[in-house]
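Accompanying notes for the structure given below.
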Amino acid sequence: MTNFNDIKGFIFDLDGVIALTSKYHSQAWHQIADDLGVTWTKSLEDGLKGISRMDSLEMILKAGNKENDYTEEEKIKLAAKKNDNYLALIGNMNIDDLLPGIPEFLEDLMAHNYKICLASASKNSPIILKKLNLARYFPDVVDPSKLKKGKPDPEIYIRGAELLNLKPEECIGIEDAAAGIQSINGAGETSIGIGDTQELSAADILFSSTKDITLANIEAAMKVNA
Ligand code: G6P
Ligand code: MG
């Protein structure tokens, strides 16, 4: 594994890493799945994490063997409905929706002059950053609408390193989703997974909670794995 001293930048996923919004994405899709008559399962829910809006809809339709039942126009309407559901759910969001330890970690990164960037597939990221008063930490945000491929493709994390003017091996990516870890690893960056050992087994470093993401813990984990 890369040496901790070579790390110059941190590239963050948003939903499920910085904020609890992953829960609202799931609830919003669950409502659509119910409308479509597609059974909502834990594996479908986990598989959707990190996946772009239209790719998520395709996954849900596939899970219900309905991938050929809707026209492009109908799919665009369904995706727009999901976004309406999502926006309604985040309407009352406030700083209590921030995951534990994240503001402290961002402050610490700034204090140590690390570069910081956001690599979320969500087109709603700018609104969320504003609502949570975090925009000042993220001068660099990858624009997901400019990407050719979504996670698990490495493109979004490669673009993140480019925005920071860093080499991939100088960056750490942080994710709560298997698709995101695959994207970080494919980009040649060091991956930190937040969550379940089995789901995120491909992560270079795993923490069970965002509370554990500190520079000291990351340095220790990179030494152990070296
Ligand atoms: C993130 C979330 C996904 C969501 C995707 C697109 O990656 O983890 O659950 O589908 O962003 O979000 P958007 O807000 O653009 O629909
Ligand atoms: Mg996520």
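What you see below is based on every heavy atom in this structure, not just the backbone, and it leaves out hydrogens, waters and symmetry mates. In listed order, ligands and their atoms are each counted from 1.
Checked for salt-bridge contact, Lys131 and Asp97 miss the test: no charged N lies under 4.0 Å from a carboxylate O. Under 4.0 Å is where a charged nitrogen must lie from a carboxylate oxygen, and between Arg159 and Glu162 at least one such pair does.
A donor-acceptor pair shorter than 3.5 Å cannot be found between the side chains of Thr190 and Asp204.
Residue Met59 comes nearest to Leu44 through the heavy atom pair O-CD1, 4.1 Å, listed as atom of the first residue, atom of the second, then distance. For the residue pair Ser122 and Asp15, the shortest heavy atom distance occurs at CB-OD2, 3.7 Å. Residue Val17 comes nearest to Asp176 through the heavy atom pair CG2-N, 3.5 Å, listed as atom of the first residue, atom of the second, then distance. Of all the heavy atoms in Tyr70 and Leu78, the pair that sits closest is CD2-CD1, 4.1 Å.
Protein N/O/S atoms nearer than 2.8 Å to the Mg ion (ligand 2) total 3.
Close N/O approach between Ser52 and ligand 1 is not found [any backbone or side-chain N/O within under 3.5 Å]. When only interatomic distances are considered, the shortest N/O to N/O separation between Asp13 and ligand 1 does not fall below 3.5 Å. Residue contacts with ligand 1: Ser122 is placed with a nitrogen or oxygen under 3.5 Å of a nitrogen or oxygen of the ligand (distance criterion only).
Remark: the backbone N or O of Asp13 is not paired with any side-chain donor or acceptor of Ser120 at under 3.5 angstrom.
Residue Asp15 touches ligand 1 through its side chain alone, judged by heavy-atom distances below 4.0 Å. Using a 4.0 Å cut-off between heavy atoms, Ser56 contacts ligand 1 through its side chain alone, with no backbone atom that close. Here Ile51 has backbone heavy atoms under 4.0 Å from ligand 1, and that is the only part of it that gets that close.
Against a heavy-atom cut-off of under 4.0 Å, Gly50 is close to the following atoms of ligand 1: 2 (C), 3 (C), 7 (O), 8 (O). If you number the atoms of ligand 1 from 1 as listed, the ones under 4.0 Å from a heavy atom of Asn124 come out as 13 (P), 14 (O). Residue-ligand proximity, Lys123 to ligand 1, at heavy-atom distances under 4.0 Å covers atoms 13 (P), 14 (O), 15 (O). When each atom of ligand 1 is checked for a heavy atom of Arg53 under 4.0 Å away, the hits are 6 (C), 13 (P), 14 (O), 15 (O), 16 (O).
Using the six-membered ring where Trp is involved, Tyr86 and His25 have ring planes that are parallel, under 30° apart on the 30 and 60° scheme.
With values rounded to the nearest 0.5 angstrom, Lys151 atom NZ is found 12.5 Å from Asp55 atom CG.
A ring-centre distance under 6.0 Å is not found for Phe12 and Tyr137.
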